[in-house]
Amino acid sequence: MPTFHAPRGTRDLLPAERASFDRLSAIAADLSRRYGYAGIETPMFEQTAVFERGVGAVTDIVEKELFRIQPRTDEAESWSLRPEGTAGVVRAYVQHGLRTWPQPVRVQYVGPMFRYDRPQAGRYRQFWQWDVEAIGDAGPGIDAEIVELGHRFYTEAGLSDVRVLLNSIGDPTCRPPYIERLTTYFERHRATLPDLEQARLRTNPLRLLDSKDPDMAALIADAPRIVDHLCDACRAHFDAVCEHLDALAVPVRIEPSLVRGLDYYTRTAFEYYREGAEGQQQALGGGGRYDGLVELLGGRPTPGIGFALGLDRVVLALAEAGAERARPARPAAFVASAEAGDTVERLRIATQLRRAGVSARADLGGRKLGRQLEQASREDAHFAVILGDELREGTVQLRDLRAGTQHPVPLTDLAREILRDEASHRHG
RNA sequence: GUGGCCUUAGCUCAAUCGGCAGAGCAUCGGAUUGUGGAUCCGACGGUUGCGGGUUCAAGUCCCGCAGGCCACCCCA
């Protein structure tokens, strides 16, 4: 029994699972290239105030889920591991004067986020997100581009049944009057509200809208909907976003009760969820517009929009959907030898292949030839390069492990022949 | 942070009423020493999650802790 174990809510990604993440990262990278989003990297921890100001001091994420770093001294700054990515990116946007770049600034990144909450399947204290941000464009077109990009990711990852929940949560002009109206509505029914909901009525009335309490369903259905109380500017923006998405054939469902857990969202809010998924962890990703955030973090008033997709949940969803698992790369060639103790030759030939661009493994242990070929087969190598007496004439046996055939090849032609055959297999 | 269920070898699981901790898979090795994912044989592998208690005796009963899962809270 090991003495140590990975911290609660974290886990080790062994090569098989890591391969799934690599595959998703590759899809994200390719989409980023096609859509024109450049890579960015910000620290995994920031001054705690960045999150308190950016995410919102009274949100659950900051109030009870923040991973605070124990300060070294009384004078030390308070640091926290990032619970999400947008605040750090916006901090960087302000710090480096990215407002002087062509707007909007389109950036994206894959990385771990940290939240101190109770772990469950698909919910971890360290989890991975692909985050995409477009900062500096207030128009509805960029909203549609972002929403469609996120949806496209799921499609290319192999999840064909992901839909978009879309809502507008207004802006500082129209949201306060709406919240007032909503509060008045629920106040009228205060006596019938469960305790938890009564408390929320004071702290965050919008949250009542996505209560899971079945007793609330009827009340919520009759509640005033924010989409009916948007100001003219927000209304026009929302309609335009819908129109753009319609033109892109993105499967969108307007969800008037969708509110999101971060304070900085304005207008467009969206979530990706899987049709028919069981359990509570069916939110695969989400995002929204954050027109006040740059200013909150010390910059000039600047609009922005972005999303975060949970890679852990995509991996889980793919497994549930019965998708074929990604696998670690397999070698083109496996160098085996009939001679015991000639690791110098084995390594020399493997290295020659590697320098020529061939992925090659070699048995450097004491297995006898039969065992080495067994190993090569199980590692799914395409070729075995077998070293024997012919090596004195500069020749090895090249065995095609799939076809079960072999022939002698001069060392000088070895890499070229393997590469040629690999290429023809890729195309055929 | 609240409530519930669970934890035996690397993995999946057995172990009768409280009575000597096992199997399959995996790993490593062997089956007359230059050719394969099969088969057969063998080896390795455990403080039964950790700590305490009850008992002649605890994997089994009791308590605490840790971890996993489920439902909340919330979210990706």
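All chains are named by letter (A, B, ...) in the order of the sequence lines, taking the proteins before the strands, and each is independently numbered beginning at 1. What you see below is based on every heavy atom in this structure, not just the backbone, and it leaves out hydrogens, waters and symmetry mates.
Residue Gly366(A) is classed as having no contact, given no heavy-atom separation below 4.0 Å to the nucleic acid. At the heavy-atom level, Leu311(A) lies nowhere under 4.0 Å from the strands shown. Within the 4.0 angstrom heavy-atom criterion, no nucleotide atom of any strand lies near Gln126(A). When heavy atoms are screened at a 4.0 angstrom cut-off, Gly285(A) is found touching the sugar-phosphate backbone but no base atom. Across all strands, Asp312(A) comes closer than 4.0 Å to no nucleic acid atom at all (heavy-atom distances). Counting any heavy atom pair closer than 4.0 Å across all strands shown, Asp400(A) reaches a base atom.
Panel note: side chain Arg53(A), backbone Leu296(A); a donor-acceptor pair is recorded below 3.5 Å.
With rounding to whole Å, Arg371(A) atom CZ is found 12 Å from G42(B) atom C1'. For the pair Arg378(A) CZ and U35(B) P, the computed distance is 18 Å after rounding to whole Å. In this entry the distance linking CD of Glu65(A) with C1' of C72(B) reads 13 Å, nearest Å. Across the protein-nucleic acid pair, Leu398(A) atom CG and G36(B) atom P stand 17 Å apart, rounded to whole Å. When rounded to the nearest whole Å, the span between CG of Asp342(A) and C1' of G34(B) equals 12 Å. Rounded to an integer number of Å, the gap from CG of Asp363(A) to P of G36(B) is 15 Å. Rounded to an integer number of Å, the gap from Gln375(A) CD to U35(B) P is 17 Å. G67(B) atom P lies 15 Å from atom CZ of Phe4(A), rounded to whole Å.
The pair Asp400(A)-Arg402(A) does not count as a salt bridge, with every side-chain nitrogen at least 4.0 angstrom from each carboxylate oxygen. Between Glu345(A) and Arg392(A) no salt bridge is recorded (no basic side-chain N to carboxylate O distance below 4.0 Å).
Nearest to the side-chain atoms of Arg123(A) among the listed nucleotides U35(B), C70(B), C73(B) stands C73(B). You'll find that the side chain of Arg115(A) is closest to C75(B), out of U35(B), C75(B), G34(B). Closest contact between the side chain of Arg367(A) and the listed nucleotides C28(B), U35(B), C69(B) involves C28(B). Listed candidates were U35(B), G67(B), A76(B). Nearest to the side chain of Phe127(A) is A76(B). With C75(B), C70(B), G68(B) as the choices, the nucleotide that has an atom nearest any side-chain atom of Ala121(A) turns out to be C70(B). Checking C28(B), G34(B), U35(B) against the side-chain heavy atoms of Arg399(A) singles out U35(B) as nearest. Which of G34(B), G67(B), C69(B) sits closest to the side chain of His5(A) comes down to G67(B).
Only the P atoms considered, A76(B) is 49 Å distant from C17(B), to the nearest whole Å. The same atom, P, is picked in C74(B) and in A14(B); the two are 37 Å apart, to the nearest Å. Rounded to the nearest Å, the gap between the P atom of G4(B) and that of C75(B) is 25 Å. Look at the C1' atom in both G30(B) and G67(B): the space between them is 40 Å, to the nearest Å. Using P as the reference atom, A38(B) and U48(B) are 33 Å apart when rounded to the nearest Å. Rounded to the nearest Å, the gap between the C1' atom of A21(B) and that of A58(B) is 12 Å. U7(B) and G49(B) are spaced 8 Å apart, taking the P atom of each and rounding to whole Å. Comparing C6(B) with U60(B), their C1' atoms sit 15 Å apart, to the nearest whole Å.
Residue Arg207(A) has a polar side-chain atom (N or O) positioned under 4.0 Å from OP1 or OP2 of C75(B). Side-chain N/O atoms of Arg313(A) include none lying less than 4.0 angstrom from OP1 or OP2 on A76(B). Regarding contacts with the backbone of U32(B), every side-chain N or O of Lys368(A) stays at 4.0 angstrom or more from both OP1 and OP2. Distances shorter than 4.0 Å separate some side-chain N or O of Gln120(A) from OP1 or OP2 on A71(B). Phosphate contact (OP1/OP2 of C72(B), side-chain N/O of Arg118(A), threshold under 4.0 Å): absent.
Comparing Gln406(A) and Lys64(A) by the nucleotide of RNA chain B whose heavy atom lies nearest to each, the residue mapping closer to the 5' end is Gln406(A). Two residues, Gly370(A) and Gln129(A), neighbour RNA chain B, and the one matched to the more 5' nucleotide by heavy-atom proximity is Gly370(A).
Base pairing of G42(B) is made with C28(B), judged by Watson-Crick or G-U wobble geometry with both donor-acceptor distances under 3.5 Å. G3(B) is paired with C70(B) under the criterion used here, namely a Watson-Crick or G-U wobble arrangement in which both key atom distances are under 3.5 Å. For C56(B), the paired nucleotide is G19(B), the pair qualifying as Watson-Crick or G-U wobble because both relevant distances are below 3.5 Å. Across the strands present, U33(B) finds no partner; the criterion is a Watson-Crick or G-U wobble pair with both atom distances under 3.5 angstrom. Under the Watson-Crick and G-U wobble criteria, each requiring two contacts below 3.5 Å, nucleotide U8(B) is left unpaired. For C50(B), the paired base is G64(B) (Watson-Crick or G-U wobble, both distances below 3.5 Å).
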Inset, instruction - List the steps and the verdict of side-chain contact (heavy atoms from CB on, under 4.5 Å) for Thr302(A) and Tyr93(A). - result: CA-CA 10 Å; Thr302(A) 308; Tyr93(A) 178 94; 3.7 Å; yes

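Taking the six-membered ring where the residue is Trp, the centroids of Phe383(A) and Phe334(A) are separated by 6.0 Å or more. Remark: aromatic rings of Tyr116(A) and Phe114(A) are distant, center separation not under 6.0 Å.
Below the 3.5 angstrom threshold, one finds a donor paired with an acceptor across the side chain of Ser377(A) and the base of G36(B).
With Asp312(A) as reference, Arg11(A) is the one residue of Arg11(A), Gln126(A), Arg123(A) to meet the side chain to side chain donor-acceptor pair (under 3.5 Å) rule.
The closest side-chain heavy-atom distance from Phe127(A) to Arg115(A) is below 4.5 Å. Considering only heavy atoms from C-beta on, His229(A) stays 4.5 Å or farther from Cys174(A) through its side chain.
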